[in-house]
Amino acid sequence: MSRVFNFSAGPAMLPQTVLEQAQSEMLDWQGTGMSVMEMSHRGKDYMSIAEKAMADLREVMAIPDTHEILFLQGGASSQFAMVPMNLLRGKKSADYINTGAWSKKAIAEAKLYCDVNVVATTEGNNFSSAPNQSELKLNPDAAYVHYTPNETIGGVEFDYIPETNGVPLVADMSSTILSRPIDVSKFAVIYAGAQKNIGPAGLTVVIVRKDLIGETITGTPSMFDYKTHADNESMSNTPPTYAWYLAGLVFEWIKQQGGLTKMAEINERKAGKLYAAIDGSDFYASPVAINNRSWMNVPFTLKDAELDKVFLEEAAKVNLVTLKGHRSVGGMRASIYNAMPEEGIDTLVKFMAEFEKKHG
Ligand SMILES: *Cc1c(COP(=O)(O)O)cnc(C)c1O
(Lines give C-alpha, C1' and ligand atoms only; values in the text may rest on other atoms or scores of the structure.)
Protein backbone atom coordinates (compact mmCIF):
# COMPACT_ATOMS: atom_id res chain seq x y z
CA MET A 1 0.00 0.00 0.00
CA SER A 2 1.22 3.47 -0.73
CA ARG A 3 -0.43 6.71 0.33
CA VAL A 4 0.16 10.06 -1.32
CA PHE A 5 0.19 13.57 0.11
CA ASN A 6 -3.12 14.79 -1.27
CA PHE A 7 -3.42 18.57 -1.41
CA SER A 8 -7.03 18.49 -2.60
CA ALA A 9 -9.26 21.34 -1.44
CA GLY A 10 -12.07 18.88 -0.77
CA PRO A 11 -12.86 16.11 -0.34
CA ALA A 12 -9.51 16.15 1.38
CA MET A 13 -7.18 13.88 3.33
CA LEU A 14 -8.36 12.19 6.50
CA PRO A 15 -6.02 11.20 9.33
CA GLN A 16 -4.54 7.80 8.54
CA THR A 17 -5.29 6.42 12.00
CA VAL A 18 -8.96 7.34 11.51
CA LEU A 19 -9.07 5.44 8.22
CA GLU A 20 -7.34 2.49 9.84
CA GLN A 21 -9.83 2.40 12.69
CA ALA A 22 -12.73 2.61 10.25
CA GLN A 23 -11.13 -0.20 8.27
CA SER A 24 -10.73 -2.41 11.32
CA GLU A 25 -14.36 -1.80 12.29
CA MET A 26 -15.74 -2.02 8.77
CA LEU A 27 -17.30 -5.48 8.89
CA ASP A 28 -18.01 -5.78 12.58
CA TRP A 29 -18.40 -2.69 14.73
CA GLN A 30 -17.46 -3.62 18.30
CA GLY A 31 -18.92 -7.11 18.26
CA THR A 32 -22.29 -6.15 16.76
CA GLY A 33 -21.58 -8.26 13.68
CA MET A 34 -22.45 -5.40 11.39
CA SER A 35 -20.91 -2.39 9.76
CA VAL A 36 -21.87 1.07 11.02
CA MET A 37 -23.29 1.55 7.52
CA GLU A 38 -25.78 -1.24 8.15
CA MET A 39 -27.08 -0.04 11.51
CA SER A 40 -30.44 1.49 12.20
CA HIS A 41 -29.91 5.11 13.04
CA ARG A 42 -32.44 4.64 15.85
CA GLY A 43 -30.74 1.60 17.41
CA LYS A 44 -28.80 1.96 20.64
CA ASP A 45 -25.43 1.16 19.07
CA TYR A 46 -25.70 3.87 16.47
CA MET A 47 -27.22 6.29 18.98
CA SER A 48 -24.14 5.88 21.16
CA ILE A 49 -21.87 6.64 18.18
CA ALA A 50 -23.96 9.67 17.21
CA GLU A 51 -24.20 11.13 20.69
CA LYS A 52 -20.49 10.72 21.35
CA ALA A 53 -19.59 12.48 18.09
CA MET A 54 -21.80 15.46 18.93
CA ALA A 55 -20.55 15.65 22.50
CA ASP A 56 -16.95 15.50 21.29
CA LEU A 57 -17.52 18.29 18.78
CA ARG A 58 -19.10 20.39 21.54
CA GLU A 59 -16.08 19.72 23.74
CA VAL A 60 -13.46 20.28 21.03
CA MET A 61 -14.94 23.60 19.87
CA ALA A 62 -16.13 24.61 23.38
CA ILE A 63 -19.62 25.19 21.99
CA PRO A 64 -21.74 26.84 24.69
CA ASP A 65 -25.21 25.59 25.73
CA THR A 66 -26.72 28.62 24.01
CA HIS A 67 -25.95 26.93 20.68
CA GLU A 68 -27.47 23.87 19.02
CA ILE A 69 -25.35 21.52 16.90
CA LEU A 70 -27.08 20.13 13.79
CA PHE A 71 -25.68 17.37 11.59
CA LEU A 72 -27.39 17.83 8.23
CA GLN A 73 -27.06 16.95 4.58
CA GLY A 74 -27.06 19.13 1.49
CA GLY A 75 -23.59 20.60 1.89
CA ALA A 76 -22.58 24.12 2.77
CA SER A 77 -24.34 25.12 -0.45
CA SER A 78 -27.75 24.29 1.04
CA GLN A 79 -26.95 26.64 3.91
CA PHE A 80 -26.75 29.47 1.39
CA ALA A 81 -30.56 29.12 1.28
CA MET A 82 -31.25 27.81 4.79
CA VAL A 83 -29.57 30.80 6.41
CA PRO A 84 -31.94 33.41 4.93
CA MET A 85 -34.94 31.08 5.32
CA ASN A 86 -34.28 30.73 9.04
CA LEU A 87 -32.66 34.02 9.99
CA LEU A 88 -34.61 36.72 8.16
CA ARG A 89 -37.22 36.53 10.94
CA GLY A 90 -39.46 39.26 9.59
CA LYS A 91 -36.65 41.44 8.25
CA LYS A 92 -36.21 42.34 4.61
CA SER A 93 -32.47 42.56 4.12
CA ALA A 94 -29.18 40.96 5.07
CA ASP A 95 -25.57 42.16 4.92
CA TYR A 96 -22.97 40.13 3.03
CA ILE A 97 -19.21 40.60 2.83
CA ASN A 98 -17.85 39.57 -0.56
CA THR A 99 -14.34 38.14 -0.46
CA GLY A 100 -14.43 35.65 -3.31
CA ALA A 101 -16.05 32.74 -5.06
CA TRP A 102 -17.90 31.25 -2.09
CA SER A 103 -19.14 34.60 -0.82
CA LYS A 104 -20.54 35.26 -4.28
CA LYS A 105 -22.46 32.00 -4.31
CA ALA A 106 -23.91 32.73 -0.88
CA ILE A 107 -24.92 36.21 -2.08
CA ALA A 108 -26.57 34.92 -5.26
CA GLU A 109 -28.65 32.44 -3.30
CA ALA A 110 -29.67 34.92 -0.59
CA LYS A 111 -30.96 37.25 -3.31
CA LEU A 112 -33.74 34.72 -3.93
CA TYR A 113 -35.09 35.51 -0.46
CA CYS A 114 -34.18 39.05 0.52
CA ASP A 115 -32.45 42.29 -0.34
CA VAL A 116 -28.73 41.71 -0.10
CA ASN A 117 -26.47 44.58 0.88
CA VAL A 118 -22.88 43.85 -0.03
CA VAL A 119 -21.27 45.79 2.80
CA ALA A 120 -17.71 45.36 1.55
CA THR A 121 -16.08 43.68 -1.41
CA THR A 122 -12.50 43.02 -2.38
CA GLU A 123 -13.35 42.22 -5.98
CA GLY A 124 -11.42 45.37 -6.95
CA ASN A 125 -8.12 43.77 -5.97
CA ASN A 126 -9.11 40.42 -7.47
CA PHE A 127 -10.03 39.04 -4.03
CA SER A 128 -6.47 39.08 -2.74
CA SER A 129 -7.35 40.41 0.72
CA ALA A 130 -10.16 40.71 3.27
CA PRO A 131 -11.67 44.11 4.12
CA ASN A 132 -10.87 45.79 7.44
CA GLN A 133 -13.54 46.27 10.07
CA SER A 134 -13.60 50.01 9.28
CA GLU A 135 -14.49 49.26 5.65
CA LEU A 136 -17.66 47.32 6.53
CA LYS A 137 -20.70 49.51 5.88
CA LEU A 138 -22.98 47.53 8.17
CA ASN A 139 -26.71 48.19 8.43
CA PRO A 140 -28.17 48.11 11.93
CA ASP A 141 -31.48 46.82 10.48
CA ALA A 142 -29.96 43.84 8.68
CA ALA A 143 -31.34 40.46 9.69
CA TYR A 144 -27.78 39.16 9.87
CA VAL A 145 -24.25 39.64 8.56
CA HIS A 146 -22.79 36.81 6.47
CA TYR A 147 -19.13 36.29 5.68
CA THR A 148 -16.67 33.62 4.61
CA PRO A 149 -13.82 33.56 7.16
CA ASN A 150 -11.68 31.51 4.78
CA GLU A 151 -12.16 31.65 1.03
CA THR A 152 -11.11 28.19 -0.08
CA ILE A 153 -10.38 29.11 -3.70
CA GLY A 154 -8.59 32.43 -3.20
CA GLY A 155 -6.82 31.36 0.01
CA VAL A 156 -7.93 34.55 1.75
CA GLU A 157 -8.62 34.46 5.47
CA PHE A 158 -9.99 37.10 7.82
CA ASP A 159 -7.56 37.92 10.63
CA TYR A 160 -10.40 39.14 12.85
CA ILE A 161 -14.04 38.37 13.66
CA PRO A 162 -16.28 41.19 12.39
CA GLU A 163 -17.96 43.27 15.10
CA THR A 164 -21.64 43.62 14.13
CA ASN A 165 -23.04 45.50 17.14
CA GLY A 166 -25.64 42.91 18.01
CA VAL A 167 -26.67 41.91 14.48
CA PRO A 168 -26.41 38.10 14.22
CA LEU A 169 -23.14 37.03 12.60
CA VAL A 170 -23.14 34.07 10.19
CA ALA A 171 -19.96 32.36 9.02
CA ASP A 172 -19.35 29.83 6.26
CA MET A 173 -16.47 28.01 7.95
CA SER A 174 -16.31 25.10 5.52
CA SER A 175 -12.56 25.32 5.05
CA THR A 176 -11.40 26.70 8.38
CA ILE A 177 -13.55 25.03 11.06
CA LEU A 178 -11.43 23.06 13.57
CA SER A 179 -8.22 24.69 12.37
CA ARG A 180 -7.88 26.69 15.62
CA PRO A 181 -9.93 27.63 18.69
CA ILE A 182 -12.69 30.18 18.04
CA ASP A 183 -15.14 31.95 20.34
CA VAL A 184 -18.38 30.32 19.20
CA SER A 185 -20.45 32.71 21.35
CA LYS A 186 -19.65 35.51 18.88
CA PHE A 187 -21.56 33.71 16.11
CA ALA A 188 -25.28 33.26 15.42
CA VAL A 189 -24.63 30.53 12.86
CA ILE A 190 -21.50 28.64 11.86
CA TYR A 191 -21.81 26.15 9.03
CA ALA A 192 -19.41 23.87 7.22
CA GLY A 193 -19.45 21.06 4.71
CA ALA A 194 -17.54 18.18 6.30
CA GLN A 195 -15.29 17.23 3.41
CA LYS A 196 -12.52 19.72 4.14
CA ASN A 197 -11.65 19.58 7.80
CA ILE A 198 -14.25 17.35 9.46
CA GLY A 199 -14.76 14.05 7.67
CA PRO A 200 -16.17 12.61 4.47
CA ALA A 201 -18.56 14.45 2.16
CA GLY A 202 -22.25 14.07 2.91
CA LEU A 203 -22.33 15.61 6.37
CA THR A 204 -22.91 19.32 6.95
CA VAL A 205 -22.31 20.76 10.39
CA VAL A 206 -24.44 23.72 11.48
CA ILE A 207 -23.97 25.42 14.85
CA VAL A 208 -26.84 27.79 15.53
CA ARG A 209 -27.86 29.99 18.45
CA LYS A 210 -30.97 28.43 19.98
CA ASP A 211 -32.95 31.67 20.30
CA LEU A 212 -32.80 32.18 16.53
CA ILE A 213 -34.47 28.85 15.72
CA GLY A 214 -38.16 28.52 14.89
CA GLU A 215 -39.22 31.46 12.74
CA THR A 216 -38.83 30.58 9.07
CA ILE A 217 -40.09 32.43 6.02
CA THR A 218 -43.37 31.27 4.43
CA GLY A 219 -42.93 28.24 2.23
CA THR A 220 -39.79 26.91 3.94
CA PRO A 221 -39.69 23.13 3.46
CA SER A 222 -39.63 21.41 6.84
CA MET A 223 -36.28 19.81 5.98
CA PHE A 224 -34.88 23.33 5.57
CA ASP A 225 -36.17 24.46 8.96
CA TYR A 226 -33.48 24.33 11.66
CA LYS A 227 -36.25 23.58 14.18
CA THR A 228 -37.09 20.26 12.51
CA HIS A 229 -33.54 19.09 13.11
CA ALA A 230 -33.01 20.76 16.49
CA ASP A 231 -36.17 19.09 17.86
CA ASN A 232 -35.03 15.66 16.70
CA GLU A 233 -31.30 15.57 17.50
CA SER A 234 -30.69 15.71 13.72
CA MET A 235 -32.56 12.40 13.33
CA SER A 236 -35.79 13.73 11.88
CA ASN A 237 -35.01 11.58 8.86
CA THR A 238 -32.13 9.21 8.15
CA PRO A 239 -28.91 11.17 8.69
CA PRO A 240 -25.66 10.45 6.81
CA THR A 241 -24.83 7.79 9.37
CA TYR A 242 -21.41 6.68 8.14
CA ALA A 243 -20.11 10.20 7.56
CA TRP A 244 -21.31 11.12 11.05
CA TYR A 245 -19.43 8.12 12.51
CA LEU A 246 -16.24 9.04 10.66
CA ALA A 247 -16.53 12.67 11.74
CA GLY A 248 -16.76 11.33 15.29
CA LEU A 249 -13.48 9.46 14.80
CA VAL A 250 -11.90 12.71 13.56
CA PHE A 251 -13.13 14.63 16.63
CA GLU A 252 -11.58 11.93 18.82
CA TRP A 253 -8.35 12.21 16.82
CA ILE A 254 -8.30 15.98 17.40
CA LYS A 255 -8.69 15.41 21.13
CA GLN A 256 -5.79 12.96 21.05
CA GLN A 257 -3.64 15.53 19.21
CA GLY A 258 -4.20 17.98 22.06
CA GLY A 259 -7.33 19.80 20.89
CA LEU A 260 -7.68 22.93 18.82
CA THR A 261 -4.95 24.87 20.61
CA LYS A 262 -2.48 22.25 19.49
CA MET A 263 -4.04 22.04 16.00
CA ALA A 264 -3.59 25.81 15.66
CA GLU A 265 0.06 25.56 16.65
CA ILE A 266 0.67 22.82 14.09
CA ASN A 267 -1.34 24.57 11.36
CA GLU A 268 0.45 27.87 11.85
CA ARG A 269 3.79 26.12 11.64
CA LYS A 270 2.81 24.11 8.54
CA ALA A 271 1.48 27.16 6.70
CA GLY A 272 4.47 29.22 7.84
CA LYS A 273 6.91 26.77 6.27
CA LEU A 274 5.09 26.88 2.95
CA TYR A 275 4.75 30.68 2.82
CA ALA A 276 8.42 31.00 3.77
CA ALA A 277 9.33 28.81 0.80
CA ILE A 278 7.16 30.93 -1.51
CA ASP A 279 8.44 34.27 -0.20
CA GLY A 280 12.05 33.11 -0.03
CA SER A 281 12.20 32.65 -3.80
CA ASP A 282 11.69 34.81 -6.89
CA PHE A 283 10.40 31.78 -8.69
CA TYR A 284 7.22 31.36 -6.60
CA ALA A 285 4.71 34.02 -5.59
CA SER A 286 1.60 34.30 -3.43
CA PRO A 287 -1.11 36.68 -4.64
CA VAL A 288 -2.61 37.11 -1.15
CA ALA A 289 -2.05 40.05 1.24
CA ILE A 290 0.27 38.90 4.02
CA ASN A 291 -2.15 39.28 6.95
CA ASN A 292 -4.94 37.50 5.06
CA ARG A 293 -3.00 34.43 4.06
CA SER A 294 -4.92 31.27 4.78
CA TRP A 295 -3.53 28.53 6.99
CA MET A 296 -5.61 25.99 5.10
CA ASN A 297 -5.50 26.84 1.37
CA VAL A 298 -2.28 28.19 -0.07
CA PRO A 299 -2.45 29.35 -3.69
CA PHE A 300 0.83 30.16 -5.39
CA THR A 301 2.10 30.79 -8.89
CA LEU A 302 5.26 29.84 -10.71
CA LYS A 303 7.32 32.51 -12.45
CA ASP A 304 6.38 31.03 -15.80
CA ALA A 305 2.87 29.55 -16.15
CA GLU A 306 4.23 27.40 -18.99
CA LEU A 307 5.93 25.33 -16.28
CA ASP A 308 2.70 24.55 -14.41
CA LYS A 309 2.14 21.28 -16.21
CA VAL A 310 5.70 20.06 -15.63
CA PHE A 311 5.48 21.07 -11.98
CA LEU A 312 2.35 18.97 -11.49
CA GLU A 313 3.85 16.00 -13.32
CA GLU A 314 7.10 16.02 -11.39
CA ALA A 315 5.32 16.62 -8.07
CA ALA A 316 3.13 13.57 -8.66
CA LYS A 317 6.29 11.45 -9.09
CA VAL A 318 7.20 12.18 -5.46
CA ASN A 319 3.63 11.51 -4.22
CA LEU A 320 2.54 15.16 -4.08
CA VAL A 321 -0.85 15.26 -5.80
CA THR A 322 -3.83 17.53 -6.49
CA LEU A 323 -1.79 20.72 -6.43
CA LYS A 324 -3.43 22.27 -9.49
CA GLY A 325 -4.99 25.64 -8.67
CA HIS A 326 -8.70 26.23 -9.10
CA ARG A 327 -9.59 26.81 -12.75
CA SER A 328 -10.72 30.35 -11.92
CA VAL A 329 -7.35 31.30 -10.40
CA GLY A 330 -4.72 29.16 -12.16
CA GLY A 331 -1.29 28.33 -10.77
CA MET A 332 -1.08 25.96 -7.82
CA ARG A 333 -3.05 25.53 -4.63
CA ALA A 334 -1.93 23.45 -1.70
CA SER A 335 -4.79 22.71 0.68
CA ILE A 336 -3.23 21.76 3.98
CA TYR A 337 -6.02 20.92 6.39
CA ASN A 338 -5.55 19.32 9.80
CA ALA A 339 -5.02 15.84 8.35
CA MET A 340 -2.13 16.86 6.07
CA PRO A 341 0.94 15.59 7.94
CA GLU A 342 3.76 18.04 8.48
CA GLU A 343 5.90 15.63 6.51
CA GLY A 344 3.71 16.46 3.50
CA ILE A 345 4.62 20.13 3.80
CA ASP A 346 8.31 19.32 4.25
CA THR A 347 8.23 17.11 1.15
CA LEU A 348 6.50 19.83 -0.87
CA VAL A 349 8.92 22.54 0.25
CA LYS A 350 11.89 20.35 -0.64
CA PHE A 351 10.37 19.53 -4.02
CA MET A 352 9.71 23.23 -4.74
CA ALA A 353 13.36 24.10 -4.10
CA GLU A 354 14.57 21.29 -6.33
CA PHE A 355 12.14 22.23 -9.08
CA GLU A 356 13.32 25.83 -8.99
CA LYS A 357 16.95 24.73 -9.22
CA LYS A 358 16.16 22.64 -12.26
CA HIS A 359 13.81 24.98 -14.11
CA GLY A 360 14.34 28.44 -12.58
C1 LIG B 1 -16.40 23.74 -0.27
C2 LIG B 1 -17.07 24.98 0.17
C3 LIG B 1 -18.43 25.19 0.00
C4 LIG B 1 -19.33 24.19 -0.70
O5 LIG B 1 -19.53 23.11 0.09
P6 LIG B 1 -20.51 21.92 -0.36
O7 LIG B 1 -20.52 21.08 0.85
O8 LIG B 1 -19.89 21.27 -1.57
O9 LIG B 1 -21.83 22.51 -0.68
C10 LIG B 1 -18.99 26.36 0.47
N11 LIG B 1 -18.23 27.29 1.08
C12 LIG B 1 -16.90 27.13 1.27
C13 LIG B 1 -16.12 28.18 1.96
C14 LIG B 1 -16.28 25.97 0.81
O15 LIG B 1 -14.97 25.80 1.00
Side-chain angles (χ1 to χ4, degrees), residues 6-14 70-85 96-112 116 121-123 127-130 144-159 161-162 169-180 182 187 189-208 223-224 229 234 239-240 242-244 246-247 250 267 271 288 292-299 322 324-329 333-340:
N6 177 7
F7 293 89
S8 168
M13 287 185 84
L14 287 163
L70 308 177
F71 280 0
L72 309 181
Q73 305 189 56
S77 302
S78 291
Q79 295 309 309
F80 296 163
M82 280 178 85
V83 163
M85 283 175 161
Y96 278 72
I97 304 174
N98 182 11
T99 49
W102 289 114
S103 301
K104 279 184 156 181
K105 289 206 168 186
I107 289 167
E109 193 75 0
K111 281 182 176 169
L112 300 173
V116 170
T121 175
T122 50
E123 193 150 20
F127 297 123
S128 58
S129 68
Y144 59 88
V145 179
H146 179 283
Y147 82 120
T148 311
N150 185 72
E151 281 282 357
T152 320
I153 292 174
V156 169
E157 190 156 67
F158 277 75
D159 57 351
I161 297 174
L169 179 63
V170 178
D172 174 0
M173 289 202 189
S174 294
S175 51
T176 187
I177 193 166
L178 301 176
S179 67
R180 75 205 74 188
I182 51 153
F187 296 88
V189 176
I190 291 169
Y191 64 88
Q195 67 275 20
K196 277 110 188 196
N197 221 4
I198 297 174
L203 174 71
T204 310
V205 171
V206 178
I207 300 162
V208 52
M223 290 308 291
F224 269 39
H229 303 287
S234 299
Y242 199 73
W244 185 327
L246 267 178
V250 172
N267 287 326
V288 181
N292 296 126
R293 287 180 175 180
S294 169
W295 285 2
M296 298 280 104
N297 311 97
V298 182
T322 336
K324 194 175 183 342
H326 191 270
R327 59 190 182 279
S328 65
V329 178
R333 174 178 50 169
S335 293
I336 51 172
Y337 302 113
N338 289 349
M340 170 60 67

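We count ligands from 1, going down the list as the structure has it; atoms in each ligand are counted the same way.
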Handout entry: Identity and separation of the nearest protein heavy atom to atom 9 (O) of ligand 1
Key = S77 OG, 2.6 Å
Exercise for the section: Output yes when the distance from some N or O of ligand 1 to some N or O of A76 is under 3.5 Å, and no in every other case. Expected result: yes
Fill in the blank from the handout: Min over Q79, K105, M173, K196 of heavy-atom distance to atom 2 (C) of ligand 1 lands on K196
Practice task
Take the angle between the ring planes of Y147 and F187 and call it parallel below 30°, perpendicular above 60°, tilted in between.
Solution key: parallel
Completion exercise
To atom 7 (O) of ligand 1, the nearest of Q195, Q73, M296 on a heavy-atom basis is Q195
Problem - S174 side chain vs A192 backbone, donor-acceptor pair below 3.5 Å - result: no
Exercise for the section: Provide the number and element of each atom of ligand 1 under 4.0 Å from a heavy atom of D172. Expected result: 10 (C), 11 (N), 12 (C), 13 (C)
Exercise for the section: Look at the aromatic rings of W244 and F71 and report parallel, tilted or perpendicular, splitting at 30° and 60°. Expected result: perpendicular
Practice task
Give yes or no for whether the N/O distance cutoff of 3.5 Å, strictly under, is met between T152 and ligand 1.
Solution key: yes
Practice task
Start with the C-alpha distance between E157 and R180, add both sets of side-chain angles, then the distance that settles salt bridge (Lys or Arg N to Asp or Glu O under 4.0 Å), and finish with yes or no.
Solution key: CA-CA 13 Å; E157 190 156 67; R180 75 205 74 188; 3.0 Å; yes
Completion exercise
With sequence neighbours left out, the residues meeting ring-ring contact (aromatic ring centres under 6.0 Å, His included) with F127 are none
